[in-house]
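Only one structure is covered here, and it is reproduced in the block below.
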Amino acid sequence: MKTINVGIIGFGTVGSGTAEVLRQQTENLSNKTGCLIRLKTVADIVTKELPPQFAGVELSRDAASLFADPEIDIVVELIGGIEPARTFILKAIAAGKHVVTANKALISQHGMEIFTAAAERNVEVGFEASVGGGIPVIKALKEGLAANRIDSIMGIVNGTSNYILNKMTEEGVPFAEVLKEAQAKGYAEADPTYDVEGIDTAHKLVILMTMAYGMSVQLADVSIEGITAIEPVDIEFARDFGYRIKLLAISVNHGDHVEARVHPTLVPVSHMLANIGGAYNGIHFQGDMVGNVLFYGLGAGKMPTGSAVVADIVDIARNIDRGSINRVPSLSYLPEKIGPARITPMSELRCPYYFRITAADQPGVLSTLAGILGKNGISIESVIQMGRQKQGTVPVMIRTYEARESAVQAALAEIDGLEICPAKTVKIRILQEEK
Ligand code: HSE
């Protein structure tokens, strides 16, 4: 039986999970590939000793030892971040190694450089674990949905923010408190900025859009808003009106241009994505042939992410064995068919909105606010004013009919400039049910 040797860089959560999946599934994998997939070396700068179940696996402190080892076929990068991960991957490719990575930040920002280098060297780069953890969404776009034009992508792809919003909804606890608890339990990273500010979600949207549309989408193309301004009062409003607040990655394909946005969204409770709870991910595609498809599962974690990493190793092992390297293009489209991104300007977006305006509790305030919205062509659907706060202000919650983003931005700039409105208005877009 042919042996495929694997080297892993990084023995943290995902690295040790991948090693464990390879160990536990050795026979299963050889039944599926006809190869013995063997973890040969782990490179890690902090691990002093590998756990006893990995007896026989070499431990190195130097990633370069993997590139220099002629026996290693596949280098798995699991350290995350841009550098030194980018350099390691490019060096592995230059040494003729196939690469597997879970690195969404790197693939979304330096993917083209990496895929071009890999194509020149005729090696493969697998990145299934970069989006949706254990959910096989990358393979679905490349293969299962290949017969479709993708008309829309909508997803909850950050488990940390979904967990936080869920806890706020269930227990009515403020954002900062839930975040602290999530960090203490190890759910959220010590620096949760990328998760709660929507950046991690945007990294994943860039990857999905590039593969769905054959466009070279950049992080800067995505309009990004996170969840830090959401308060229990917004969640209460959402509940009363039949919504849940979710951090969504959204892209609608308008044919000659595509939307690219990440923001908290009021999702009707009847929508499937409203019911994705806890640390789970849900990714919905609409294809012109297949219709609606929803992927659901654990978007992070040691074994689910390890499962996705090993799926890429299996693909590569099969292709090595059959001499069919790069049979499936990394980004689904042939490299020469990937064109520049044509992104819908945010100002052109149209949807209903929810605003929480912080206003002084005095006569004439509501008419001033309504006047500004009316002047900008924004029609109010309902208004609720909550009890007076300590500072003598009241939260005024407004739900609008469908409005244009440019009009909303103009109206809110004027409202936030008023002396009677001392705090920035919180704006949440509302997802419309399909008619
Ligand atoms: N920080 C990510 C999350 C991990 O919370 O979903 C998976 O990419």
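These figures come from a predicted structure and were not determined experimentally. Note that the numbering runs from 1 along the sequence shown for the chain. Whatever order the structure lists ligands and atoms in, that order sets their numbers, starting from 1.
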query = To the nearest 0.1 Å, how far is atom 1 (N) of ligand 1 from its closest protein heavy atom, and which atom is that?
reply = D195 OD1, 2.8 Å

message = Tell me the closest heavy-atom pair linking S108 and H203, and the distance in Å.
response = OG-CD2, 3.2 Å

Close-contact set for ligand 1 against K204 heavy atoms, below 4.0 Å = 2 (C), 6 (O), 7 (C), 8 (O)

ask   = Which atom names give the shortest non-hydrogen contact between Y333 and M211, and what distance separates them?
value = CE1-O, 3.2 Å

request  = Please write down residue, atom name and distance for the protein heavy atom closest to atom 5 (O) of ligand 1.
outcome  = T160 OG1, 2.6 Å

ask   = Between G159 and ligand 1, is there a nitrogen or oxygen pair with a distance under 3.5 Å?
value = yes

request  = For G299, take its heavy atoms, then give the atoms of ligand 1 lying under 4.0 Å from any of them.
outcome  = 7 (C)

inquiry  = A quick test of your reading: do over 12 heavy atoms of other residues, nucleotides or ligands sit less than 6.0 Å from CZ of R350?
reply    = yes

message = Please list, in number order, the atoms of ligand 1 under 4.0 Å from a heavy atom of A300.
response = 4 (C), 7 (C)

ask   = Do F241 and I430 have side-chain heavy atoms sitting under 4.5 Å apart?
value = no

task = Measure the distances from the heavy atoms of G133 to every atom of ligand 1 and state whether one is below 4.0 angstrom.
result = no

ask   = Which class fits the ring pair F127 and F115: parallel under 30°, tilted 30 to 60°, perpendicular over 60°?
value = tilted

